There are 2 protein chains.
Amino acid sequence: MAKRLSILGATGSIGQSTLDVVRQHREAFAIEALVANANIAQLAADAREFGAKLAVTADETRYRELKDALAGTGIEVAAGPEAVLEAAAQPVDQIMAAIVGVAGLEPALAALEAGNTILLANKECLVSAGELFMGRAQALGVDVVPVDSEHNAILQCFERRNAARVERIILTASGGPFRTRALEELHGITPEEALKHPNWDMGAKVTIDSATLMNKGLELMEAYHLYPVEVEQLDAIIHPQSIVHSLVAYADGSVLAQLGTPDMRTPIAVALGWPERLATNVARLDLTALGRLVFEPIDEERFPAPRLALETLKRGGTAGAILNAANEVAVEAFLARELPFTRIVGLVEETLNVAERQGLIAPMHGLDEVRAADVQARNLAGELARRRASRAAG
Amino acid sequence: MAKRLSILGATGSIGQSTLDVVRQHREAFAIEALVANANIAQLAADAREFGAKLAVTADETRYRELKDALAGTGIEVAAGPEAVLEAAAQPVDQIMAAIVGVAGLEPALAALEAGNTILLANKECLVSAGELFMGRAQALGVDVVPVDSEHNAILQCFERRNAARVERIILTASGGPFRTRALEELHGITPEEALKHPNWDMGAKVTIDSATLMNKGLELMEAYHLYPVEVEQLDAIIHPQSIVHSLVAYADGSVLAQLGTPDMRTPIAVALGWPERLATNVARLDLTALGRLVFEPIDEERFPAPRLALETLKRGGTAGAILNAANEVAVEAFLARELPFTRIVGLVEETLNVAERQGLIAPMHGLDEVRAADVQARNLAGELARRRASRAAG
């Protein structure tokens with residue numbers, strides 16, 4: 001029996017890697033809906049190749065273009081935000097939730113409400129709305145299978161039956177391009193310099209998050225919502241080679257780790273097959289060719305983001321949404337040369353502190369609170385950034 | 001409900017570590033039988049401390065000494081080889097099979113026939129009698145849980161439901177004290193030099209096996225019998241730090257590994273609790289304090305034992321028993337200065353070749369064939385060693 005699979009964010013990096021894995025297991029999957037934004041040519045080509053039942057563009061103005069591209073195929077076509085939500089709610093066995101950013105939250109939640117097993121690649125579902133998202137998943141009994149390489153590694157190492165014997169979850173971090181820079185040197189880093197070192201084909205936001213280690217902070221928050229552990233049990237260490245994808249330490253002294261060459265098709269295949277496994281043609285790990293695996297502690301003075309993320313988890317409620325929105329504003333301000341590199345995380349922390357004083361950190365009952373926190377945090381962070389810039393100019 | 005536990009080899013290193021783990025979980029275990037050889041004082045002390053029902057010494061001449069030491073305790077006492085087999089066959093939930101050498105085979109088999117879940121620390125059950133031992137275990141539906149740190153690591157990483165997706169089992173080897181010596185230098189190694197570097201408190205035989213990497217050869221053979229893989233899927237690599245205890249590679253590119261500080265109480269606790277986990281107070285692994293994990297390929301020219309072990313597995317039947325017996329003779333000859341270090345594995349290989357030519361490698365139907373192969377191989381290897389010594393002298 002082929003598994004019915006939909007993909008939200010089909011033309012992005014995760015979506016394309018997902019289709020690449022499916023391509024090797026055509027008989028095992030029946031593609032229900034492919035949902036993309038503006039890359040109509042790719043969306044149409046994939047819908048044809050995989051015989052999708054439905055192709056959806058989030059961009060209402062591209063309906064005709066997509067319709068024409070799929071003329072005569074019998075593939076149903078739709079466009080616009082409502083169509084995206086409808087596609088997400090189509091009943092399937094698995095849905096890859098890989099729309100990037102806050103825009104991915106509502107479709108993923110719609111898929112969840114429809115009872116579709118979520119293969120989760122969108123960060124905001126957990127960082128901004130973790131309590132809501134996982135609360136609904138548990139209430140509905142819907143599985144959320146993480147696709148991110150770190151959380152997918154933990155999935156493979158976390159023995160649910162022995163959850164009470166888990167001592168620590170240890171996420172590995174590449175450390176970013178400025179891992180070895182002294183604190184003084186970090187201050188003057190320019191956007192050009194920061195964007196020169198993408199770990200792979202990532203956007204500017206993710207590249208900066210990787211350089212500040214905020215990406216690891218966000219992942220610590222995701223891990224907290226995905227696995228039954230306390231904030232104190234979460235840890236992150238530097239592992240520049242990105243071979244060990246994360247580890248779980250048990251009370252008997254055992255530490256389980258998942259390793260592999262850095263290729264997203266492995267965690268995607270794990271998620272698609274879970275709890276079984278699918279073969280892929282990714283390059284196999286050769287430890288003796290590698291020679292060594294290197295680990296370092298994170299220097300919290302130079303890279304305070306992971307610590308801030310853990311503190312934010314303890315604040316609970318909408319604090320995660322505030323951190324995430326403030327970080328987006330801070331990264332934009334850095335890219336616009338309005339904020340030095342070393343103040344990105346500081347601005348996020350300041351936003352959280354002011355938000356707390358103003359009583360803006362609220363319990364999370366629904367998407368409305370998440371959206372409100374997002375808007376408030378963006379306004380607040382923007383204001384704090386402008387104030388800071390005028391002080392620096394004055 | 002406390003688990004009923006017996007320990008064969010209670011006063012040895014594994015037996016004592018087992019009791020140390022049990023000491024932290026007194027309510028979880030009820031000690032049925034403690035079986036030892038000649039260390040009567042320790043055996044009696046442990047039987048008292050843990051309230052064993054039965055204490056057995058394999059040495060018939062020590063019956064009175066043990067009886068006196070346990071006078072007034074109500075603990076049943078017995079002595080001699082038959083009493084050991086009877087103790088092994090007492091119905092329990094788990095029995096630690098930790099008698100060292102070929103002597104441990106028959107008691108472990110008796111325990112297996114009685115339906116007792118075997119926590120296996122004895123090597124010969126698998127190296128010499130793997131087909132027989134695991135054949136009986138499967139026929140009887142009895143679990144065999146490996147205690148050796150490598151196989152115990154594999155236990156934790158080998159997903160039985162995904163056995164068909166396992167590509168490789170990779171055992172890690174410390175590489176022994178002569179890992180970095182050139183081939184020419186290996187030739188003149190003396191017994192004193194070889195025994196100077198015990199990895200921990202091991203006997204002379206195990207120390208030499210560790211130096212020739214025959215220990216890893218034996219472990220490859222054990223892994224073959226424990227897990228449903230082909231010989232070609234077994235591999236060994238050098239990892240001098242003994243932190244990564246072994247790895248399992250899957251067809252999706254994932255490699256699962258178990259890590260930990262080298263302390264036998266961890267794999268013992270894993271075996272005692274399996275598939276649940278027990279807390280221990282072993283030192284926790286700190287990867288950032290360690291800094292790096294180092295891996296090297298095995299140089300087959302200098303260390304041919306792992307390759308020979310894999311070839312022996314392909315020969316099947318009693319070939320494993322012949323390899324094991326010939327290796328014991330070869331190590332004794334080396335310790336008696338009758339064989340150079342670099343000829344230890346060569347003598348084992350020669351013995352196997354001659355045995356094959358003489359039709360001595362037979363199918364294995366019972367313990368009789370194993371015993372016969374053991375005696376024949378010892379005779380043959382002894383003869384080959386003497387011939388070699390007289391050639392060298394002449």
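Computed from a predicted structure; not experimentally measured. Just so we're on the same page: letters track the sequence lines, and every chain starts at 1. Both backbone and side-chain heavy atoms feed into the values below; hydrogens, waters and symmetry mates do not.
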Exercise for the section: Would you mind checking which part of B:Leu247 comes under 4.5 Å of any heavy atom in chain A, side chain (CB onward), backbone (N, CA, C, O), both or neither? Expected result: side chain
Practice task
Establish, from distance only, whether the side-chain atoms of B:Ser254 and A:Gln258 form a donor-acceptor pair under 3.5 Å.
Solution key: yes
Completion exercise
Ranking B:Gly260, B:Gly273, B:Ala269, B:Ala279 by heavy-atom pairs under 4.5 Å to chain A gives rank one to B:Ala279
Handout entry: Top of A:Cys157, A:Ala289, A:Pro275 for chain B proximity - count of heavy-atom pairs under 4.5 angstrom
Key = A:Pro275
Problem - Segment of B:Leu287 engaging chain A (4.5 angstrom heavy-atom cut-off) - result: both
Handout entry: Part of B:Val294 lying under 4.5 Å from any heavy atom of chain A
Key = both
Handout entry: Given A:Leu256, A:Val244, A:Val255, the one that forms side chain to side chain contact (heavy atoms under 4.5 Å, CB included) with B:Leu259
Key = A:Val255
Handout entry: Any side-chain heavy-atom pair of B:Glu167 and A:Arg284 under 4.5 Å
Key = yes
Exercise for the section: Could you list the residues that satisfy side-chain hydrogen bond (donor to acceptor under 3.5 Å, both in side chains) with B:Thr261, not counting sequence neighbours? Expected result: none
Handout entry: Interface moiety of B:Ala249 toward chain A, non-hydrogen atoms closer than 4.5 Å
Key = neither
Practice task
Side chain from CB out, backbone as N, CA, C, O: work out which of these in B:Arg168 comes under 4.5 Å of a heavy atom of chain A, or both, or neither.
Solution key: side chain
Completion exercise
Honestly, the part of B:Pro267 sitting under 4.5 Å from a heavy atom of chain A is neither
Fill in the blank from the handout: Turns out that what part of A:Arg165 lies under 4.5 Å from chain B's heavy atoms comes down to side chain
Exercise for the section: Could you tell me whether the side chain of B:Leu278 reaches within less than 4.5 Å of the side chain of A:Asp252, counting heavy atoms only? Expected result: no
Problem - Option in A:Ile237, A:Leu293, A:Ile170 with maximal non-hydrogen atom pairs under 4.5 Å from chain B - result: A:Leu293
Problem - A:Glu232, CD: over 12 other non-hydrogen atoms inside 6.0 angstrom - result: yes
Exercise for the section: Sort out for me which of A:Ala283, A:Gly253, A:Ala153 touches chain B most, counting heavy-atom pairs under 4.5 Å. Expected result: A:Gly253
Handout entry: B:Glu296 backbone acceptor or donor facing A:Thr288 side chain under 3.5 Å
Key = no
Exercise for the section: Flag the pair B:Glu276 / A:Asn162 as yes when at least one side-chain heavy-atom distance between them is below 4.5 Å, and no otherwise. Expected result: yes
Problem - Within-4.5 Å side-chain heavy-atom neighbours: A:Tyr250 and B:Thr266 - result: no
